[in-house]
Amino acid sequence: MKLSKYLLKTIKEIPKDAELKSHKLLLRGGYIKQVSAGIFSYFPLGWRSLKKIENIIRQEMDGIEYLEINMPVVIPGSLWSETGRYEAVGDELLRFDDRVGRKMVLGMTHEEVVTDLIRYAVKSYKQLPVKVYQIQTKFRDEPRVRGGLVRVREFVMKDAYSFHDSYEDLNAAYDDAYKAYHRIFKRCGLPAIAVSSDVGMMGGSGADEFMAVTEAGEDTLILCNSCSYKANKEVAYAKREYLKETPRAMEEVATPGKMSIEDVSAFLNIPQTKTIKALVYSNGDELVMCVIRGDLEINETKLKNYLKSKAIFLATDEQLKGAGIVKGFASPVNQKMRIIADTSAAESSNLVTGANKVDFHVINCNYGIDWNTSDVVDISSVSEGEMCPECGGKLTVTRGIEIGNIFKLGTKYSGAMKAKYLDKDGKEKDMIMGCYGIGVGRLMASVLEVTASDDKIVWPISIAPFQVSLLGLYKDNNIELKEKCDAIYENMKSQGIEVLYDERSASPGFKFKDADLIGSPITVAIGEKSIEKGGAEVTVGTNETQIISLDKLISEINTIIKRLFDELNY
RNA sequence: CGGGAUGUGGCCUAGUCCGGUUAUGGCGUCUGGCUUGGGACCAGAAGAUCGGGGGUUCGAAUCCCUCCAUCCCGACCA
């Protein structure tokens with residue numbers, strides 16, 4: 001491709017709305033343009049890269065025997081009502097009426113549509129398993145978009161679905177997907193880690209998320225330094241040791257003005273591990289008191305899941321007052337409301353907690369003696385340095401962008417939608433399902449977050465818009481050199497090298513800067529200076545520039561291209 | 001949905017607090033010239049309902065009200 005004929009709009013200034021590196025670079029390099037919050041157009045450069053990622057995904061999905069299909073973006077609401085999600089899902093599901101007033105939705109995920117498809121086509125165990133996928137635009141009316149392509153409303157997603165007649169078969173497919181995902185991310189030049197995760201609104205029995213590790217990420221990950229334990233903070237747990245002592249008699253002590261755990265522990269000169277924190281949550285209908293050791297934090301995802309609530313909030317001051325709770329001095333002792341106790345609070349002895357009375361706490365408070373509940377469960381968050389639940393090693397906290405996930409759905413959708421098959425004995429059974437997603441644009445942005453510097457992109461060769469940027473640094477009157485460059489360009493093209501040839505009448509500096517943003521893994525610069533040095537200047541990524549003579553140039557470039565692909569496990 | 005910030009040619013911005021000629025400069029674009037190794041230079045040109053609406057005032061980019069958009073933090077997030 002000749003650059004003078006290409007639609008390229010690069011900008012020098014950093015757009016003020018961009019904060020993340022990937023966002024700045026994608027805007028500056030002319031890959032994307034924002035149309036509305038979380039809605040983007042792709043320029044040819046961005047779309048080429050996206051298409052390459054899609055094709056890698058296609059190859060790997062085809063490789064584990066998934067069949068590509070396509071499902072609609074506009075879906076009748078009635079289909080979503082079959083599973084109850086039309087009503088259950090919040091405003092991120094965009095609902096509207098068509099011309100005759102039918103309720104419609106924009107597809108944000110396709111469990112209903114694919115289940116409808118498969119229940120129509122598949123009736124017998126002999127036809128199972130069935131595995132399908134699509135790569136298609138989704139729309140989710142996200143309440144909060146952020147970070148350019150990291151969190152958007154409209155996006156290209158690969159979503160795959162599998163249908164089985166046994167959990168063993170589902171597990172095997174899940175395993176296949178897990179491995180294929182690692183191959184996909186590796187081939188895209190993005191090291192990704194898989195972490196156990198919450199199932200969220202998808203439901204089902206198990207889920208892993210694939211994460212690009214970067215500070216720009218929205219998710220918090222808990223990783224073990226010594227073993228393979230990896231989990232999203234939402235579901236992570238730690239091994240803890242609790243101090244068991246002979247219970248002493250509970251006693252009231254004055255703690256004037258000391259409301260926080262820090263203040264109380266400092267005032268009484270005891271560690272925070274000897275205190276209890278009692279927080280009151282509302283799930284809309286009822287109030288529950290959550291009791292946890294003072295040094296720990298409540299994990300609201302765990303709590304929400306335990307309560308089977310959609311949303312929970314800390315109780316307001318009015319709610320506390322109404323329930324007779326004295327803020328800052330709340331206590332599980334003599335508490336009438338339902339108590340959810342974290343294991344840490346139930347397993348430790350002789351703790352300090354509020355006296356439910358202004359300016360007083362109690363010491364030597366013991367679970368089972370001074371207070372009780374049937375709900376003792378892990379509702380705690382894990383923090384840096386805690387012990388790994390599997391090996392006792394040290395846990396670290398890091399951030400990640402979720403670029404893919406895989407779910408064991410079970411029969412949640414097939415059951416609701418009567419997607420049944422006849423088994424060997426002629427009995428009707430619900431199909432067992434799995435689903436597997438990858439956010440394509442988000443993957444592209446993540447590659448930059450992880451690999452790019454602030455003002456220079458170097459794409460992995462597999463997903464670079466162009467493999468080679470050829471810069472013709474000739475003066476306008478140097479016809480001879482221009483013809484040499486033209487010939488090299490034609491030669492590269494004829495050999496199937498994806499080359500973007502900068503033959504514009506512009507200064508070398510201008511061309512170098514654009515090349516930095518176009519980010520081809522290989523840059524070839526030819527000018528009077530390079531010719532004097534013996535040929536073309538070839539720069540591979542961030543490596544040092546080397547001079548290669550013009551007669552060997554093409555074969556060398558081919559070798560480099562092959563090497564770069566090899567490094568990505570092709 | 002809560003908190004914060006910002007809106008001035010395609011992009012980045014000055015001016016806004018403290019109202020007063022024809023709204024600042026740069027980038028980009030177009031024309032001509034001169035240039036070609038890290039976003040050159042000279043000359044000229046086009047391009048702005050100062051986010052929208054309402055109000056105060058002799059006079060509003062500037063003050064007030066209101067709506068909208070965008071970004072950041074939180075809530076939320078298959």
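Remember, it's a predicted structure, so these values are computed and weren't measured experimentally.
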Atom [atom1] of [X] and atom [atom2] of [N]: how far apart are they, to the nearest Å?
{"X": "A/Q34", "N": "B/A69", "atom1": "CD", "atom2": "C1'", "value": "11 Å"}
{"X": "A/K24", "N": "B/C72", "atom1": "NZ", "atom2": "P", "value": "11 Å"}
{"X": "A/L314", "N": "B/A75", "atom1": "CG", "atom2": "P", "value": "11 Å"}

| query | Where the side chain of A/R144 is defined as all heavy atoms beyond and including C-beta, which of B/C77, B/A75, B/U8 is the nearest nucleotide? | reply | B/A75
| Qualifying residues under side-chain contact (heavy atoms from CB on, under 4.5 Å), relative to A/A311, sequence neighbours excluded | A/F313
| request: List in chain and number order the residues that pass side-chain contact (heavy atoms from CB on, under 4.5 Å) with A/E13, two or more places apart in sequence or in another chain; answer none if no residue qualifies. | output: none
| remark: Residues at least two apart in sequence or cross-chain that pass side-chain hydrogen bond (donor to acceptor under 3.5 Å, both in side chains) with A/D176, listed by chain then number, are none
| request: Sequence neighbours left out, what passes side-chain hydrogen bond (donor to acceptor under 3.5 Å, both in side chains) with A/S414? Give chain and number order. | output: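 So A/S414 forms no side-chain hydrogen bond (donor to acceptor under 3.5 Å, both in side chains) with any residue.
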| task | Using only side-chain N and O atoms of A/R146, determine if any of them is under 4.0 Å from OP1 or OP2 of B/C72. | result |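 For A/R146, the contact criterion (side-chain N or O under 4.0 Å from OP1 or OP2 of B/C72) is not met.
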| said: Could you tell me the Watson-Crick or G-U partner of B/U29, where both distances fall under 3.5 Å? Say none if there is no partner. | reply: B/A45
| field | Listed partners of A/E142 passing salt bridge (Lys or Arg N to Asp or Glu O under 4.0 Å), at least two apart | value | A/R151
| message | I'd like to know whether the aromatic ring centres of A/F43 and A/Y31 sit less than 6.0 Å apart in this structure. | response | no
| query | In the 5'-to-3' direction, what one-character label does each nucleotide of nucleotides 24-39 of chain B receive under the scheme B = base within less than 4.0 Å of a protein heavy atom, S = sugar-phosphate only, - = no such atom? | reply | --BSS------BBBBB
| said: Need one value for A/D159: base, sugar-phosphate or nothing, where a base atom within 4.0 Å counts as base even if backbone is also close, heavy atoms only. | reply: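 Since no nucleic acid heavy atom lies under 4.0 Å of A/D159, the category is nothing.
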| message | For A/S36 and A/K158, find the nucleotide of RNA chain B closest to each by heavy atoms; which residue's nucleotide sits nearer the 5' end? | response | A/S36
